[in-house]
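Heads up, the thing below is written out as structure tokens.
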Amino acid sequence: LAGFWSKDGILGAILAAAPSMGAGYYALYGVGLLTAVLTGFYTFRLIFVVFFGEYRGAGAAAHATAQPHEVGPAMAVPMLALLVLSIIGGFDGVPWSDSIGDFLKSAVGAPIVGNNNVLAASLVLGIVAAVGGITLAWMRYGQRHFTYIENRSPLYLLLHNAYYLDPLFNAVIATPVLFAGRLLNRGMEDGALDGGSRGVAWLVGQTSAGLRRLQTGYARNYALGILLGAVLIMAYYMIWR
């Protein structure tokens with residue numbers, strides 16, 4: 001009922017503004033009424049399928065938690081509080097004696113829509129639309145035993161698969177991005193960046209390994225190294241200078 005009141009408040013506001021806003025608002029109002037029909041239909045389809053007819057859970061697991069049972073007080077009491085509030089809370093802004101709206105005005109402000117005959121007429125139309133949806137649900141699911149048969153209708157499959165947006169997203173965006181990421185990971189990161197850093201590390205390691213052999217700890221070897229260095233310096237100045 002909380003959804004019913006909020007929905008009819010929106011529809012009433014649209015219908016009240018339609019004469020001054022043009023045909024677009026009437027079209028929006030028509031869509032809203034169609035939504036009310038669909039809401040009544042799918043809500044009572046759920047009710048008829050779940051709570052009416054013969055029990056169809058005999059094939060479920062025999063474990064006690066798999067059997068339908070009433071909820072305990074921990075859930076029932078809060079749900080009862082929400083039930084009461086959902087029934088009376090929507091009366092804020094109804095197109096007749098708005099005592100709840102007047103009482104809450106100091107806290108939540110004035111209602112968005114006021115009291116007039118257009119809002120009352122919209123409320124009646126909304127109720128008629130919802131009852132129409134409920135009637136369709138009763139004719140389809142309430143008058144006979146319901147047996148689930150997988151629907152292969154293209155329209156049903158389109159809606160059931162959410163317009164195939166997930167496969168489209170994977171094919172157009174996710175898969176190319178992942179492919180490019182793997183390609184860059186193997187070629188750029190593993191090959192160039194990691195390969196370059198590993199190459200520098202290898203070069204430094206090999207250079208240090210070669211230079212380490214010169215550190216023998218023998219004075220004669222160091223003296224020989226100094227002599228060779230002096231000879232190279234003299235040869236440099238004698239030949240290239």
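Just so you know, these numbers use all the heavy atoms, side chains as well, and skip hydrogens, waters and symmetry mates. Sequential numbering from 1 along the given sequence is applied to the chain's residues.
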| request: Taking all non-hydrogen atoms of both residues into account, name the closest pair between P176 and I173 and its distance. | output: CD-O, 3.4 Å
| How far does CD1 of I14 sit from CD1 of I10, to the nearest 0.5 angstrom? | 7.0 Å
| said: Using every non-hydrogen atom in the two residues, find where T39 and T43 come nearest and quote the distance to one decimal. | reply: O-OG1, 2.7 Å
| task | Enter the distance from L123:CG to L15:CG here, rounded to the nearest 0.5 Å. | result | 11.5 Å
| task | Please test W138 against F44 for ring-ring contact (aromatic ring centres under 6.0 Å, His included), starting from the C-alpha separation and ending with a verdict. | result | CA-CA 8 Å; W138 168 254; F44 277 81; over 10 Å; no
| Shortest non-hydrogen contact from S122 toward L11 | OG-C, 3.7 Å
| message | Would you say I47 ends up clustered with V50 if hydrophobic residues are merged whenever their side chains have heavy atoms under 4.5 Å apart, either directly or through other cluster members? | response | yes
| task | Tell me whether F179 is reachable from L184 by hopping between hydrophobic residues (I, L, V, M, F, W, Y) whose side-chain heavy atoms are closer than 4.5 Å. | result | no
| request: In sequence, state the C-alpha distance, the side-chain angles, and the governing distance for L136 and R140, and then conclude on side chain to side chain contact (heavy atoms under 4.5 Å, CB included). | output: CA-CA 6 Å; L136 292 175; R140 178 67 175 85; over 6 Å; no
| task | Compute whether any side-chain donor of one residue and acceptor of the other, for S20 and Y25, lie under 3.5 angstrom apart. | result | no
| query | Is any side-chain heavy atom of Y29 closer than 4.5 Å to a side-chain heavy atom of L125? | reply | yes
| query | For the hydrophobic clusters of this structure (ILVMFWY residues joined by side-chain heavy atoms under 4.5 Å, transitively), does one cluster hold both I226 and L224? | reply | no
| query | Mind checking whether Y156 and H160 have parallel, tilted or perpendicular rings, split at 30° and 60°? | reply | parallel
| Should V177 and V172 be counted in the same cluster of Ile, Leu, Val, Met, Phe, Trp and Tyr side chains packed under 4.5 Å apart? | yes
| query | What residue among L28, T35, L33, L34 forms side-chain contact (heavy atoms from CB on, under 4.5 Å) with V31? | reply | T35
| query | Do you know the tightest heavy-atom contact between G126 and A36? | reply | O-CB, 4.3 Å
| So do F41 and I134 actually touch side chain to side chain, heavy atoms under 4.5 Å? | no
| said: Run F52 and V49 through side chain to side chain contact (heavy atoms under 4.5 Å, CB included) and show every step you take. | reply: CA-CA 6 Å; F52 288 75; V49 170; over 6 Å; no
| Can you find a pair of side-chain heavy atoms, one from Y26 and one from P19, that are under 4.5 Å apart? | yes
| Connected via hydrophobic side-chain network under 4.5 Å: I239 and Y236 | yes
